[in-house]
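Computed from a predicted structure; not experimentally measured. Letters go in sequence order (proteins before strands), and every chain restarts at 1.
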Amino acid sequence: MPQITLPDGSVKSFDDAVSAFDVAMSIGERLARACVGCLIDGVLCDLSTVIESDCSLSLVTEKTRDKKDDANAMSMLRHSTAHVMAEAIQRVVPGAMLVYGPPLESSFYYDIKFPDDRPLKDGDFEAIEAEMGKIVKEDRVFTRYDMSISDGMEKLKSEGSKYKVDNGEAAIKAGSESLSFYATGEPGKDWEDLCRGPHVPSTGRIGGFKIMSLASSYWHGDENSDRLTRVYGTSFFSKKELNKHLERLEEAKKRDHRVLGKKLRLFHIDETVGQGLILWTPNGSVIRKELQSFIGAELTKQGYSEVFTPHIGKLDLYRTSGHFPYYADSQFPPIIERDHLIEISEEGCSCSQLSNNMSSGEIEGFMLKPMNCPHHIKLFDSAPHSYKDLPVRLAEFGTVYRWEQSGELNGMTRVRGFTQDDAHLFCTPEQVSDELQGCLSLVKTIFDVLGMEDYRVRVGLRDPDSSKYTGDPVNWDKAERACLEAAATLGVAFTEEPGEAAFYGPKIDFVVKDVIGREWQLGTVQVDYNLPERFDLSYIGADNEKHRPVMIHRAPFGSMERFIGVLIEHFAGAFPVWLAPEQVRVLPISEKSNDYAVEVLAQLKSAGIRATLDQNDQRVQAKIKNGSEMKIPYLVVVGPRDAEARAVSVRAFGIAKDLGSMPLDEFVSAVADEYSSKGASSVRERFAAAAV
RNA sequence: GCCGCUGUAGCUCAGUGGUAGAGCGCACCCUUGGUAAGGGUGAGGUCGAGAGUUCAAAUCUCUCUAGCGGCUCCA
């Protein structure tokens, strides 16, 4: 006689065991029809789950009460669609072995091992979708049945898929007391799969679905294990929602920094220069310069000293730092000294010998610097330091080079040469906490000024099971504690992530998503007890003894390239006045107004505003369209009426109607104010104020 | 690096075996137009590179190269 507590606190009692669906029916038929699953004592279950004892029950419907997508419902739907897709794929490609098919945030995938002589091609999508359509139309019921561990494993073994046997073993290891299977229809008759569930009631609930793409993956995520094909798809409860989702994806593509970078001429990557090497156009350079001077001003306020260091350094420097051996594969190959090179070629030295000799230190050479720390360390170490000098804060826009895997390169967000807004702080152990907080507040200031609110903070800790970390565990503990304490002062939620630390120390990262939903690390602050040790750094304490300083690495933007890539997407290319490469464009109505237009342009320019003149032989409507497409903050139309009044007719980006007329002098100073205040005051506001 | 897809004019793309097309952009001419595309003419391409099949290749095959989506990696 189960007593079932509903989310509103009311209790329903039943004489016998009932299914969640029956409970829903007892409340209302319409509700029951809208249900796809339920939460029993907080655990997501099938709607058909039979309830035998007292519990709390929350029904999961297609939409939440405020008509939004329900995360549980969507994940059940997509998981169910993955089953339908897997069945369809096995019909189209007999011999395809299923591995693992989970739902994701807005999609799902199924990892599948295809026969070597029959790989899946995207040309197969149509046939698979057609089969999926049939299965959906048949509206087959997802039917769960459980087997004992021994019977279940026997069944899996008899089916002959090592992947499913492995999944079964994983379930047992995770503590399952039985193995559950889901048949899409009738057990023993229809297609079925080992599965933990839960699923929507039947295939007919899948209103709209689409196979999106193919990718390769590795079994257990292990590069050296079996290579699998990952088939991505998505689904919704209705076709309409699917179409809306696909439209949104199309829209997102328009904000993609690679698309906008081309359209707005912000940067260029040239095959003949090299993969992942950014050529900054004049437009992009304006943005970069503005950001650099912004951060430069903040650094001065915070007591940093700016330095410059070369792009290369001796191999030995990186042996000492530990970077050369640790990251050998992801660095550009060393530059070998000429004399060595001649010697080596005369000796007929093989490539592998050469590589060995370099690793051992027998051959000296230079490396393109993969990071700036060793150079800054050497600067710090070039003079003795009293504890009274600390902290020493050395900052540099330092360009570094890393040999990223070719498949990893991505527009401006993953490149092979990039400039970090880097700094290294050398301080006493007592100063670590304050300095960390100073670094974090700098990152936060920058994010605030740019209106970037959609980020998460990750505290990267060491993975206790891994041996990749160097240094004393006691120091690691100290450093990790310092990071966690500093993060706690941020006033922003953060996550602790073991395994995300750098090899020399823990870090606090600011992570943002791009338009496709991929995450990128921007600002980073890292505590390091390790490199000071390796380089034997010291300062003289009050006791007149040598002490080891602690290093903090920090880069508020991360890299200029990645940050601006993300920033392009953040603003969808419509930069605020202070960053906009072209701030004002002057549009004369006809040649007759050219003289006045030239005058307007001159006045804007002499106020330090980045302004241009559109003297094309086009109508003003066309000039407005062109200017809008370039996302220029202000377009000013000038004609005889404006010349007469010594005024300009202003149009602001993103506002369909023009703002009206403003005296030229006033407009110039308003734009100049908006520029220097980074948007704290704006031309629009002045118009709004004038209108009141 | 791995799997799949893609590479045609500055940009966006059409062209599936018979030696190349559109729109935008660009140049010139006409037009002198007041808030999201006025009209005309013209220039511009060894179809990513190389090899092969063929009487004939942008088109088919192979290798390389670059980009895209993932995987793996990310100091």
Give a yes or no on whether a donor-acceptor pair under 3.5 Å exists between the nucleobase atoms of [N], that is its base, and the side chain of [X].
{"X": "A/Arg414", "N": "B/rC73", "answer": "yes"}
{"X": "A/Asp617", "N": "B/rU31", "answer": "yes"}
{"X": "A/Ser321", "N": "B/rA75", "answer": "no"}
{"X": "A/Ser216", "N": "B/rC71", "answer": "no"}
{"X": "A/Asp658", "N": "B/rG34", "answer": "no"}
{"X": "A/Tyr218", "N": "B/rG1", "answer": "yes"}

Tell which nucleotide pairs with [N], taking only Watson-Crick or G-U wobble pairs whose two distances are both under 3.5 angstrom.
{"N": "B/rC28", "answer": "B/rG40"}
{"N": "B/rC47", "answer": "none"}
{"N": "B/rA58", "answer": "none"}

Between [X] and [N], does any side-chain N or O lie under 4.0 Å from OP1 or OP2?
{"X": "A/Arg619", "N": "B/rU32", "answer": "no"}
{"X": "A/Lys507", "N": "B/rA75", "answer": "yes"}
{"X": "A/Gln275", "N": "B/rG67", "answer": "yes"}

Any base atoms under 4.0 Å from A/Tyr504, or only sugar-phosphate, or nothing? Heavy atoms, all strands.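 Contact class for A/Tyr504: sugar-phosphate only.
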Please classify the nucleic acid contact of A/Gly627 as base, sugar-phosphate, or nothing, using heavy-atom distances under 4.0 Å.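 Counting heavy atoms under 4.0 Å across all strands, no contact is made by A/Gly627.
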Taking atom types as modelled, find out whether [X] and [Y] have a side-chain donor-acceptor pair closer than 3.5 angstrom.
{"X": "A/Gln526", "Y": "A/Tyr504", "result": "yes"}
{"X": "A/Gln420", "Y": "A/Asn372", "result": "yes"}
{"X": "A/Trp520", "Y": "A/Asp514", "result": "yes"}
{"X": "A/Thr281", "Y": "A/Asn283", "result": "no"}

Shortest side-chain distance from A/Lys625, nucleotide among B/rA75, B/rA36, B/rC11: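 The listed nucleotide nearest to A/Lys625's side chain is B/rA36.
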Go nucleotide by nucleotide along RNA chain B from the 5' end; which of A/Arg641 and A/Ile516 gets its closest nucleotide reached first?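 Per heavy-atom nearest nucleotide, the more 5' residue is A/Arg641.
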Flag as yes if A/Tyr232 stacks onto the base of B/rG70 (centroids under 5.5 Å, planes under 30°), otherwise no.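 The base of B/rG70 is not stacked with A/Tyr232 (the test needs centres under 5.5 Å and planes under 30°).
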